[in-house]
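Here the structure is laid out as structure tokens; the discussion comes afterwards.
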Amino acid sequence: MWYGARKQEFLALANLAIATRQRKIPCVSPENGYFLTQMVRVRGALRVLEIGTATGVSTLYLQKGMGAEGAIDTLERQASAAAEARENFARFGDAARIRLFEGDALTLLREEPMLAGPYDLVFIDAMKREYGEYVEAVRGRLAPGGVILCDDVIAFGDKMTSLWALMEEGDLPGTIIPTDPEDGILLLTPEV
Ligand SMILES: C[S@@+](CC[C@H](N)C(=O)[O-])C[C@H]1O[C@@H](n2cnc3c(N)ncnc32)[C@H](O)[C@@H]1O
């Protein structure tokens, strides 16, 4: 991983990720986080949806890939994690460009009109056995050329039966990218 000119900015986030993991709070590794930044940039994503905020480390990595006009909606059901995420957004990111919705993701996606999209990129990192349901819930909210990224598909792939069943049904092109030594991210491109 080579950070380039914004090295200090990304080292600060990497330190946050490492400290978060040391507290046994789940979050992306610096490698996976930086890959998210790059994906947002490559896609030119201005509207991003995240399912599974925890304390907001991945949200901050997603935001690093956007310009000032970008905006993120992120969903988290655990109140204490959401409270800490808000603090992290204020400290490490642009909190005004992040909307954090508290509650169960599938319920929010069903009932919250502000989550209608369209989204350029969706990042899924919540309950592993619900990945298939999340993908079904978000695919109709993608902007043209929109992509879906699913985290942890190597480390916890055995729990993602609903996702693999959905992919077996077809019409959901995807590739697993081994983004760090222990894990990988599934890139879904519904239009390709
Ligand atoms: C792996 S952690 C997310 C880590 C975060 N994306 C990061 O990398 O910094 C998963 C989070 O998803 C939340 N979660 C799990 N199932 C959920 C659901 N159905 N709705 C909303 N949040 C959920 C958990 O409370 C937990 O905080």
Side-chain angles (χ1 to χ4, degrees), residues 1 10 12-40 45 48-66 72-95 98-112 114-115 119 121-138 141 147-163 166 177 179-187:
M1 212 165 42
F10 285 106
L13 264 195
N15 286 337
L16 176 67
I18 291 162
T20 302
R21 289 176 148 219
Q22 281 169 347
R23 291 167 56 213
K24 307 288 181 214
I25 295 172
C27 78
V28 286
S29 63
E31 291 89 347
N32 275 356
Y34 192 55
F35 178 75
L36 294 180
T37 304
Q38 291 183 301
M39 285 302 295
V40 169
V48 167
L49 171 66
E50 176 182 53
I51 302 178
T53 322
T55 55
V57 178
S58 52
T59 324
L60 289 160
Y61 273 110
L62 290 163
Q63 189 170 55
K64 294 281 177 210
M66 306 176 142
I72 304 181
D73 291 335
T74 184
L75 318 182
E76 173 57 51
R77 69 176 176 191
Q78 196 190 322
S80 57
E84 189 169 336
R86 290 185 203 283
E87 287 171 19
N88 282 334
F89 298 158
R91 191 160 157 220
F92 294 95
D94 181 356
I98 301 171
R99 296 193 297 194
L100 171 54
F101 295 82
E102 289 187 47
D104 171 67
L106 291 173
T107 308
L108 285 166
L109 288 166
R110 220 172 21 247
E111 297 177 358
E112 175 52 69
M114 284 195 280
L115 296 173
Y119 294 104
L121 184 147
V122 178
F123 176 55
I124 296 176
D125 189 18
M127 184 76 84
K128 307 308 162 196
R129 66 167 186 271
E130 291 184 342
Y131 270 33
E133 287 83 349
Y134 302 143
V135 169
E136 281 187 302
V138 302
R141 300 163 208 243
V147 300
I148 302 172
L149 298 170
C150 299
D151 198 27
D152 294 327
V153 292
I154 295 177
F156 298 107
D158 57 328
K159 296 188 165 62
M160 299 174 186
T161 43
S162 66
L163 173 64
L166 188 66
I177 300 154
T179 40
D180 79 15
E182 295 163 4
D183 209 348
I185 291 180
L186 172 68
L187 168 65

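Order of listing sets the numbers, starting from 1, for every ligand and every atom in it.
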Inset, instruction - With I124 as reference, evaluate I51, D151, L49, I185 under the side-chain contact (heavy atoms from CB on, under 4.5 Å) test and give the passing residue. - result: I51
Legend entry - E112 CD: over 12 foreign heavy atoms closer than 6.0 Å: yes
Inset, instruction - Could you walk me through whether E76 and R86 pass salt bridge (charged side-chain N to carboxylate O under 4.0 Å, His left out), step by step? - result: CA-CA 11 Å; E76 173 57 51; R86 290 185 203 283; over 6 Å; no
Inset, instruction - May I ask you to check whether over 12 heavy atoms, not counting those of R129, lie within 6.0 Å of atom CZ? - result: no
Inset, instruction - Using heavy atoms and a cut-off under 4.0 Å, could you grab the residues that are in contact with ligand 1, chain by chain, numbers ascending? - result: P26, C27, V28, E50, G52, T53, A54, V57, S58, E76, R77, Q78, G103, D104, A105, D125, A126, M127, E130, Y134
Throw together a table of side-chain donor-acceptor distances under 3.5 angstrom for residues 56-66, partners on residues two or more places apart or in other chains.
residue	atom	partner	partner atom	Å
S58	OG	E50	OE2	2.4
T59	OG1	E50	OE1	2.6
Y61	OH	A14	N	3.3
Q63	OE1	D94	N	2.8
Q63	NE2	D94	O	3.0
K64	NZ	E9	OE2	3.4
K64	NZ	F92	O	3.4

Inset, instruction - Check G132 against L166 and note the closest heavy-atom contact, atom names and distance. - result: O-CD2, 3.7 Å
